[in-house]
Structure formats: C-alpha cells, structure tokens
Participant: 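Shown below is the structure under consideration.
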Amino acid sequence: MPVWKTFTHNGIAFPDPYVPKGLSIRYMGQEVRLSPLAEEMAYQFAKKKDTPYVQDPVFRSNFMKYFVEQLPPPANKAKFEEIDLAQFYRFVDKERAEKEAMSKEEKKALAEARKEKREALRAKYGKAVLDGKEIDLANYLAEPPGLFMGRGQHPLRGSWKPRVTAQDVTLNLDESVKELTTEFGSFGEIVHDHESIWVARWIDKLTGKEKYVWPHESSDIQQSRNREKYEKAKRIGESLSELQKEIRRKLSSKKRAEREVASVCYLIDEVGMRVGDEKDEDEADTVGATTLRVEHIKRLDDRAIEFDFLGKDSVRWVKTLSAPDPTLVKNLRDFMTGKKPGDQLFEDIGSSQVNAFLSGIIDGISAKVFRTYHATKTVEDYLGSKNMKNAPDLDKLYFAKYANLAAAIYCNHKRTIPKTWEDSLKKKEQKLEEYRAKKREQMAAKMQMEIDLVKRTKEYNLNTSLKNYIDPRVYKEWCDKVGLDWSKLYSKSLQRKFSWVAPEDGDDEEEAPSVKKARP
DNA sequence: TTCGTGACTTAGAAAGCCGGAC
DNA sequence: GTCCGGCTTTCTAAGTCACGAA
C-alpha cells in the first residue's frame, strides 16, 4: 500500500573530506610516510587515545588490520606494539590545548561559524516535501568514516568503517526526479518506492548492514506511526487476560514447539524480555527470550527463576521471576535436561513462531508490544497510586520522575555510571548540610529530593522509556489532572515528537487563562 | 517451512549546549 | 559575567519483524 504520492528532497549531505596534516608514524626506528587514508585512520585512533577503547587488545588489533593494509612494506607487517603514534598523540593534545586556550570570543566565533555552516546544510539537505508538506529529515548527514564503535564484545570493534560517497547512496523520492547531482557528486541510484518512507539508503561497507535516512520524528508520518504503536499497546491491555489464559493453556501443549513458544511468551509478558532474534557470528553474543541458553538460568525452582545474561547492547540483564507458573518451571526443566551450559534452551522456535502465535490471537500484535504496554501500565499505575493534586509542583515533578524510573527499571534501561557520580553526590550532600545549618528549610527539602532521585536513578536511564515506551497521553492526562506543566517532563524535541498529544503546548505558550489573571 | 533481507524501532554513549550558582 | 555540571541532542549501533523467494 502506497503511503505517499509526492516526495521530493535534495538528497543527503556528506561530511567534509579529510585534510591531511602531514603526520607520520615510526616503525622500527624509521619514519613511515602515510597516505591520506592511513593518516586519517591513525588520526581517528589517536583521538581515542584517552579512552578505555584503545586499551582493548581486540580494538587495537582490528585497528591494525585495516591500518597496515594502507602502509608500504615493511610496515605493512607491523604489530600495534611496534608502531609509534607519538606524533599523532602530540597533535591531538595540541589541538585540544589550542581549543582550551581560546578566548571566549574565539570560542564563540567558532561555535557560531560551525552553527552557521550546519544551518546552511540543514536548510538545503535537512528538509523534504512529503505530499506537499515540508518535513524535517532526521540524520541527513551521511555517517563519517571512522573506527567502528561496536558495543560490548563486538568482534569488529576498532575496525575501519570506510567513507560513504554519493555513489554509494540510493535515494527514494517521486518520479519527478530521475537523477540527482549535488556538490557531493551524483547519487548512485534513485528509486520511487511509494510504500516506504526512507529518504536515502546505503550499505555499510564494514558490517554489510543497511543504513537509512528517515523523516524526522516530528513529521506527520512518523507521528502517526508512533500513535499507532501506542494504540496497539492499548489493545493488548484490553485482551491481556485472554492472552495470558491462552499462553498458560499452551504451556502444557503436547507439542514441544508450542510449549516452547508459550514459555517464551510467558517470559516476555512476565519479566519484559525481548524476543531475541538469531544473531551472526560476527556480532556481539547477546540474547533474548528465544535465544536463552542453559547457562543464563541461575536458579530454577517452584519459588523463583533467576536470569542473568547480556541483552541488547550487551547490557547485563538480571531479574528474578517469583512464584512462576509450575508448568513453566516443569517446561524449563524439561528443556534443560541433558544439555550443556552453552546449549540453547529453546530448540524449535524463533521470533517468527512467537509472533505468529501472538498475532494469531490478536491481529497485528507482536512480541515487542508487551514491553510498550507494561512500561506504560507501570507509569499509569504509579501515577494513580497517590493523589498529588494538592502537592507542591516540585513534589509532583519528582513523583512523575519516579513513575518514569519504574518504567526504566521494568525495561532494564541501564547506563554506565558517570565518572563524576560520587563526587557530584557528595557536593549535593554538602549543600544539604549547609542549608540545614542555615535553617533554609525549603532549600534543604528540595536538595533532599534531588539527592534521593540521584541515588535511585544511579544506574538507570530514564530517557529511553520516556521516548520510546511510555504513552505520552498518560503523562498528559495526569499533568492536566494534577495541574503540572507537561513541558516540565518532556524536552523540546520530545514535545515535538509527541505534538500529536498536545499540539497547542508545542509552539506557543500564549493565551493560558492564568497569564491573563497574572497581569492586573 | 525456512531463510535472508529490507524497513523500521529502540538503545546507550558522546558531544554539545545552556542556565543556575558563584 | 563566568564557569561548570547536568540536561538535551546527536549519533549510529543494535534490536524487531514482515515479507518474499526457495
């Protein structure tokens, strides 16, 4: 089904070419002249010199694999330990020092110039016209070349990701454009796929994966899809008990595959696991429900099941399922018997069987909808658990944030704890003492709330659930009910993304009755 | 029925920027 | 006014899932 009639844009933009700086490395005491590409690689590596990445032997050896290919003999046989990148390190340090040493005015002027350039690029390439309406594009600048920064133990981490050229890129737009040449060259291919909304596409030369440029999340098309996602989650809620009944019934099916599917669905529904597609050898070893291995189950009895594994983005996933259905326990025991720790728990199924089962019960439902539904429900229940109507605004705000935290915990949205976390907490505690000493009770109370939040959100990231999982209408309704400004919870760009919920809140803050009253 | 692929959504880290404390 | 910490935005990796071909 076509989703648009007319669609035009100017293609995408490309990062500036690398400007050689005339740097060289040393190998066996000899200076080695570098090609521009080799220099670019070494420069990118040097820019990472103060991060933990460069300490990683795999990162280093992957870097070397691509780097030595660009070196003349005998340096093309070099090992990481044998090359001397000192000149690059010095150069990077110097660059940083110079930036540091710049005066305010210089910094400002530089930022200004950068912004101006970016805006000019955005004006030309950051927009499209979709069915007669101008929309913003999301990532309209092609990815620059660089070192591949895969997460966790990704086997390709540190490898060179080559530059993308216009020739590599396919554009999707309407039939009024048959070919396109810009300051960046001519685009490799033009297609007119009315059923897709991608703007541009290329194959990442390193990973072989497709990369896409999309309409911005503020565009009507993205917003309507976003809304549909939450509508779908609502539907799951309406038939959840029915769905759960069916899952439990199938737990004791005679067919093993059906018992596997039901067991997986149980886990997805009860503990919020992702479904877990099959992964390739050249990707990080992470799992979801269908790809769980025996070794990921740390405890299994009538009282509890404990899980411990690496999920998406190699984030550690540790949860306990208390009072599990006895049939599930029986199934898992059965699936585990006679297997080694590294063996897959579920043999006969994958995400497609799971989704076929689910969409057979409710049309259009798939595994990931459970996470959306439960995260939203978590927030809804939390917000409903206490009457905040007469509380101070600040209390309302913190209460809302804790609801958000509950969803983040449910989704397992972790973050690495910032280096400065301990210090910044200490500073806050100091301030709290000061306020107390000076009897500034209000400030003290405020600081106490801030400290509590900082502590409880230590290892969690609230943004991901707010952006992707929590139906914004839930917060909107609650805010309206208790009298809190919705924009206290949503950043500018999230307000734009969710303008389908509160169109009037987005752009203008006029004509609120309270404003008129406030002006005697 | 399986498998690969393409389109689309979700994810945490890093960069960038901004506003409040001094 | 300045500085700096934290919040927001950007970036792109890493998932999900439907579909078509074999």
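Every chain is numbered from 1, with letters handed out A, B, ... down the list of sequences.
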Participant: Atom CG of A:Leu137 to atom P of C:dT9: distance rounded to whole Å?
Facilitator: 18 Å
Participant: Taking the axis from the first five pairs and the axis from the last five, what angle separates them in the helix from B:dT1-C:dA22 to B:dC22-C:dG1, rounded to 10 degrees?
Facilitator: 10°
Participant: Under 4.0 Å between any heavy atoms, over every strand shown, what does A:Gln222 touch: base, sugar-phosphate, or nothing? Just pick one.
Facilitator: sugar-phosphate
Participant: Roughly, in whole Å, what's the span from OH in A:Tyr490 to C1' in C:dC7?
Facilitator: 17 Å
Participant: Which nucleotide span of DNA chain B, 5' end to 3' end, has atoms closer than 4.0 Å to non-hydrogen atoms of chain A?
Facilitator: B:dT2 to B:dC22
Participant: Can you list the residues that meet the salt bridge (Lys or Arg N to Asp or Glu O under 4.0 Å) rule with A:Lys133, with sequence neighbours excluded?
Facilitator: A:Asp220
Participant: Identify, residue by residue, the members of residues 413-427 of chain A with a heavy atom below 4.0 Å from DNA chain B, and return them in order of residue number, or none.
Facilitator: A:His413, A:Lys414, A:Arg415, A:Thr416
Participant: Using a strict heavy-atom distance below 4.0 Å, which residues from residues 457-467 of chain A are in contact with DNA chain B?
Facilitator: A:Asn461, A:Thr464
Participant: A:Leu147 has an atom CG; how far is it from atom P of C:dA13, in whole Å?
Facilitator: 11 Å
Participant: Using a cut-off of 4.0 Å between protein heavy atoms and nucleotide atoms, how would you tag nucleotides 14-22 of chain C 5' to 3' with B, S and -?
Facilitator: BSBBS----
Participant: For the aromatic rings, using the six-membered ring if either is Trp, is the centroid distance between A:Phe45 and A:Phe88 under 6.0 Å?
Facilitator: no
Participant: If you draw the axis of the six-membered ring of A:Tyr66, does the NZ or CZ of A:Lys161 fall within 45° of it and under 6.0 Å from the ring centre?
Facilitator: no
Participant: What is the distance from CD of A:Glu210 to P of C:dA13, rounded to the nearest Å?
Facilitator: 14 Å
Participant: For the residue pair A:Thr8 and A:Asp174, confirm or rule out a side-chain donor-acceptor distance under 3.5 Å.
Facilitator: no
